[in-house]
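This report concerns only the one structure given below.
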Amino acid sequence: MTVAVVLFTSDLRLHDHPPLRAAVNSADEVVPLFVRDPAVHAAGFDVPNRVAFLADRLADLDSSLHRRGGRLVVRTGPVAREVRAVATECGATGVHMAAGVTGYAHRREERLRAELGAVGIALRVHDSVVTAVAPGRVTPLGSDHFAVFTPYMRRWSKEPLRDVLPAPRAVRVPDAVRGEEPPSRAEAADVSPDLPAGGESAGRDRFARWAETCLSRYEERHDDLAGDATSRLSPYLRFGALSPVDVVRRARAKGGAGADAFVRQLCWRDFHHQVFAARPEASVQDYRTRGDRWRGEEEAAEDIAAWREGRTGYPVVDAGMRQLRHEGWMHNRARLPAASFLTKTLYVDWRIGARHFLRYLVDGDLVNNQLNWQWAAGTDTRPRRVLNPVLQGKRYDPDGTYVRRWVPELADVCGAAVYEPWRLSADERAGLRCPAPLLDLGEGLARFRQARGRG
């Protein structure tokens with residue numbers, strides 16, 4: 001009786017899962033394993049929203065395995081130690097896992113190879129599991145990665161994708177291997193009130209419904225703040241509940257301008273992964289250092305607190321920051337001016353903003369979060385990029401509906417005037433139901449402008 005182990009990491013699904021398919025094809029029995037790594041807690045990455053979403057994902061994965069005669073084995077401890085223990089307990093001849101691109105993923109793979117190699121167990125790492133195109137598959141002449149998106153996208157778009165793999169019909173797990181109960185969402189405290197349900201089933205259902213009703217209009221509607229017409233699939237892609245290969249293939253099969261625009265966003269995700277694979281230090285260092293003297297936590301404490309709490313006086317920034325706390329998610333078109341405001345207007349270190357986003361975002365992952373922040377801060381290839389929050393609001397939420405949804409102080413301000421409440425007359429302010437908070441917003445704006453000398 002042959003046995004293989006599948007180590008699940010950021011690929012928590014059964015459908016289109018190359019490591020699982022390889023294990024099922026090569027062995028009589030398979031151990032689906034997830035390890036709760038204390039290093040994730042030590043690094044501060046197991047924040048409430050992602051803990052809750054992960055718990056949903058693991059419960060769904062376990063349920064799907066049970067329907068196929070299997071189960072998910074959960075262990076807690078250092079990953080290499082626990083994988084070796086499970087593999088030796090069941091007499092496994094090989095361990096399968098998806099490739100990662102972060103420094104942590106690289107170190108984990110090195111430790112796994114060392115631990116498993118010491119007992120003669122092979123480790124096989126599979127590409128194109130968490131990305132559609134594997135990092136490093138397409139490279140420019142004379143470099144190990146593309147630094148600019150557009151030329152990367154041209155090459156990426158021509159790259160053939162592997163076939164989509166069906167979920168296995170049966171997964172036989174050795175009886176002797178024991179594990180813990182999967183974590184429960186109830187274990188997570190301080191979860192955002194409107195956090196969505198996690199899991200492969202929820203993700204596949206969301207994509208199917210959204211693709212049927214919204215994909216064709218994605219190009220014209222995805223920046224519409226009030227319309228909220230984005231797919232909201234990022235949390236499911238972040239945890240691997242959806243296969244990016246499958247999503248790209250299904251979108252392309254639909255065809256049209258909307259599908260093309262949506263696939264472009266998935267290409268951005270792969271672009272960031274190939275940058276990170278070559279430059280994992282970009283998680284903490286400027287991609288291109290220009291000697292910026294960012295303000296830190298102590299110097300900018302008051303400004304940072306106002307930004308985090310959504311009381312800067314810039315309505316589109318404040319609306320986005322409040323949505324973040326309430327939903328554990330923020331519309332991408334709001335993320336951009338919020339990040340640009342912190343780094344370009346307040347001149348606060350982008351790493352401070354990146355940490356705050358990772359504190360709440362259910363789709364928060366080191367790769368896309370850090371590199372999107374570097375894009376906003378201008379530490380990538382365009383240092384002079386600045387987004388005006390007033391113009392951004394007027395362009396992508398011209399009637400102010402999104403702002404009024406999240407900033408009730410401005411609920412009685414009509415139309416685009418909501419983006420410049422400091423311009424309201426005394427009589428107009430007096431007629432509002434919440435004049436005091438509105439005045440606070442205006443005073444906050446004036447203070448920011450004066451402090452930065454950007455009035």
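Ring planes of His331 and Tyr402: perpendicular class, angle over 60° (limits at 30 and 60°). Using cut-offs of 30° and 60° on the angle between ring planes, the pair His272 and Trp268 is tilted.
A cation-pi arrangement is not found for Arg351 relative to Trp373, the charged atom failing to lie both closer than 6.0 Å to the ring centre and inside a 45° cone about the ring normal. Taking the centre and axis of the six-membered ring of Trp375, the NZ or CZ atom of Arg385 falls inside the cone set by 45° and 6.0 Å.
Taking 4.5 Å as the limit, some side-chain heavy atom of Glu109 sits within range of a side-chain heavy atom of Leu123. With a 4.5 Å cut-off on side-chain heavy atoms, Met97 and Arg108 count as touching. Taking the side chain as every heavy atom from C-beta outward, Ser231 and Phe207 never approach each other to under 4.5 Å. Arg322 is listed as a side-chain neighbour of Pro408, based on a closest heavy-atom distance under 4.5 Å.
Side chain to side chain, Arg13 and Ser64 fail the donor-acceptor criterion of an N or O pair below 3.5 Å. Side chain to side chain, Thr76 and Glu82 fail the donor-acceptor criterion of an N or O pair below 3.5 Å. Looking at Gln374 and Thr379, their side chains do bring a donor and an acceptor atom within 3.5 Å of each other. Counting only N and O atoms by type, the side chains of Asp144 and Thr139 include no donor and acceptor under 3.5 Å apart.
For the side-chain hydrogen bond (donor to acceptor under 3.5 Å, both in side chains) test, residues two or more places apart in sequence or in another chain that qualify with Tyr419 are Asp397. Every residue meeting the side-chain hydrogen bond (donor to acceptor under 3.5 Å, both in side chains) condition with Glu309, not counting sequence neighbours, appears here in chain and number order: Arg311. Judged as a ring-ring contact (aromatic ring centres under 6.0 Å, His included), and not counting sequence neighbours, His106 has no contacts. Under the salt bridge (Lys or Arg N to Asp or Glu O under 4.0 Å) criterion, Arg238 pairs with no residue at all, not counting sequence neighbours. Partners of Trp156 under the side-chain hydrogen bond (donor to acceptor under 3.5 Å, both in side chains) rule, at least two apart in sequence or in another chain, are Asp270.
Within the structure, ring-ring contact (aromatic ring centres under 6.0 Å, His included) pairs that include any residue of residues 236-257 comprise Phe53-Tyr236, Phe53-Phe239 (at least two apart or interchain).
The ring-ring contact (aromatic ring centres under 6.0 Å, His included) test with Phe341 is passed by exactly one of Trp350, Tyr314, Trp307: Tyr314.
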